[in-house]
2 protein chains.
Amino acid sequence: MSIAVVNKNAKRGSTVKPEPESAASSGLSGAKVAPRDRIVSTACELFRQHGIRGIGVDAIAEAASTNKMTLYRHFGSKDDLICETLRVTSEKSGAMWADIETRFPDDAKAQLGAWVAALSECLQREPSGCDIANAAVELKEADHPAHAVIENFKILQRGKLTDLCRRTGTEEPETLADTLLLLLEGARVSRQASGLEGPAQCFQRACRNTLHAFGVGVR
Amino acid sequence: MSIAVVNKNAKRGSTVKPEPESAASSGLSGAKVAPRDRIVSTACELFRQHGIRGIGVDAIAEAASTNKMTLYRHFGSKDDLICETLRVTSEKSGAMWADIETRFPDDAKAQLGAWVAALSECLQREPSGCDIANAAVELKEADHPAHAVIENFKILQRGKLTDLCRRTGTEEPETLADTLLLLLEGARVSRQASGLEGPAQCFQRACRNTLHAFGVGVR
DNA sequence: ATGACGTGTTACTTACCGGTAACATACCAA
DNA sequence: TTGGTATGTTACCGGTAAGTAACACGTCAT
């Protein structure tokens, strides 16, 4: 099983102090990010890169410039940490929604167009698919606590999008919203399996076609 | 890390012979399935149930009514076995295509309709998404041999579908095919994360709408 | 009978990984 | 100063996983 060597029970090579603030891969410069936050953001990144099962807590802690004990003081278990990263990811998505709403207040059609554009752009940038959906694929144990977070996010996302579609005045807003969600999830998973030149490349066009078919001409 | 207890270095509980032919979960009755084939079909099943990283070779061998040594005599490594299961899954998909073609010879529109219907039915039946796409999500190591199999399958599938769309006489057959693929992948991943009542439920309707929009009225 | 061949069995090695214990250190507030 | 709190360090435990070695057994063709 060619498992990528990422873990090996971290043993810091150097004895020197690792520069009190090395910003821990999080873009913020001298913001003095607390260990807990470094751990969460690092975990997000590494889970995305290696998969949830593909990275160990030790490696996460080390990459966050801290250690396993501190990690376990903040999160009782790896599962807890997983749930937290999913929650943070959900919140990021919520921020995107808020941003769209402030940019195009009271203009449902423009908001829907912005949603497609934002996700399309995100699709170009992020090589990995939807972290939440990926977690659902990886965590098959039916009783895993992450499933609650996943379900919650999916319901919220679907509700918001359906609502937005409804505000455009289209008939069958539910079908429109679900169709767009299928295209989105499909594009994200397809991007992982087939790259950017695969079916994912037509995500934006497919969305526009769909919107047009539902009588929601954008722009 | 609440890992489902499935492996624990298999130790057969009974000493009695396990009935020379217990059919190893493969429907065939007294067909005397060879160990190799039992292993492959069992692995397909268990990978789907627990994920590729979630099940060990020992558990697979035991579930196939054989043992790890025999498994390793047929497949040099777990990675080899993974590739083989993906190849088998690809072939099953190929069989579906052949079936559709024989049922509606020289009728591209009917074939496309049958494709949607078949996948939709498969979506109802199989709780887990596309095994190939799931493998792509789980195996993040860029150099994993399975990626060649995955890519090959995806290219083949896309080619076949694009060809079929082209034969319906529609303009932009590539866009139609890619849109349908996005809907399919999306439905499969959404079914895992949100269940059957989620966005996946509108897969068939979304496909019909798309076909209609591309001037390919089915039925 | 005699091999060869596929298979079963047991035991082992190596390695990783989640999680914990015990102790040391730094910093901040009263 | 004192003491609490968050953090760092090291070492360890138990479990599981991939992969291998050595040997025993059955079957089938010659």
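To find a chain, count down the sequence lines: A is the first, B the second, and so on, and within it residues start at 1.
- Side-chain atoms of Arg191(A) come within 3.5 Å of backbone N or O of Gln124(A) as a donor-acceptor pair.
- One interatomic measurement links the two molecules: CZ of Arg53(A) to P of dA17(D), which rounds to 10 Å at whole-angstrom precision.
- Arg73(B) places its CZ atom 8 Å from the P atom of dG8(C), with the value rounded to the nearest Å.
- When the side-chain nitrogen and oxygen atoms of His74(A) are compared with OP1 and OP2 of dA6(D), none of them lie within a distance under 4.0 Å.
- The nearest whole Å value for the distance from the NZ atom in Lys68(A) to the P atom in dA6(D) is 21 Å.
- Going from atom CG of Asp80(A) over to atom P of dG18(C) covers 14 Å, rounded to whole Å.
- Counting non-hydrogen atoms of other residues, nucleotides and ligands closer than 6.0 Å to CD of Glu174(A) gives a total above 12.
- Of the listed nucleotides (dA18(D), dG8(D), dT20(C)), dG8(D) has the atom at the smallest distance from the side chain of Arg38(A).
- Side-chain contact annotation: Thr70(B) with Asn67(B), donor-acceptor N/O pair under 3.5 Å present.
- As rounded to whole Å, 11 Å separates atom C1' of dA18(D) from atom CD1 of Ile82(B).
- One finds a side-chain N or O of Thr70(B) lying less than 4.0 angstrom from the OP1 or OP2 phosphate oxygen of dG8(C).
- The side chain of Thr66(B) contributes no N or O atom lying less than 4.0 Å from OP1 or OP2 of dT7(C).
- The distance between atom CE of Met69(B) and atom C1' of dA21(D), rounded to the nearest whole Å, is 8 Å.
- To the nearest angstrom, P of dA21(D) lies 16 Å from CG of Asn67(B).
- Atom CG of Leu81(B) and atom P of dA17(D) are 15 Å apart (whole Å).
- Classification of Glu84(B) and Arg87(B) as a salt-bridged pair holds, one side-chain N sitting under 4.0 Å from a carboxylate O.
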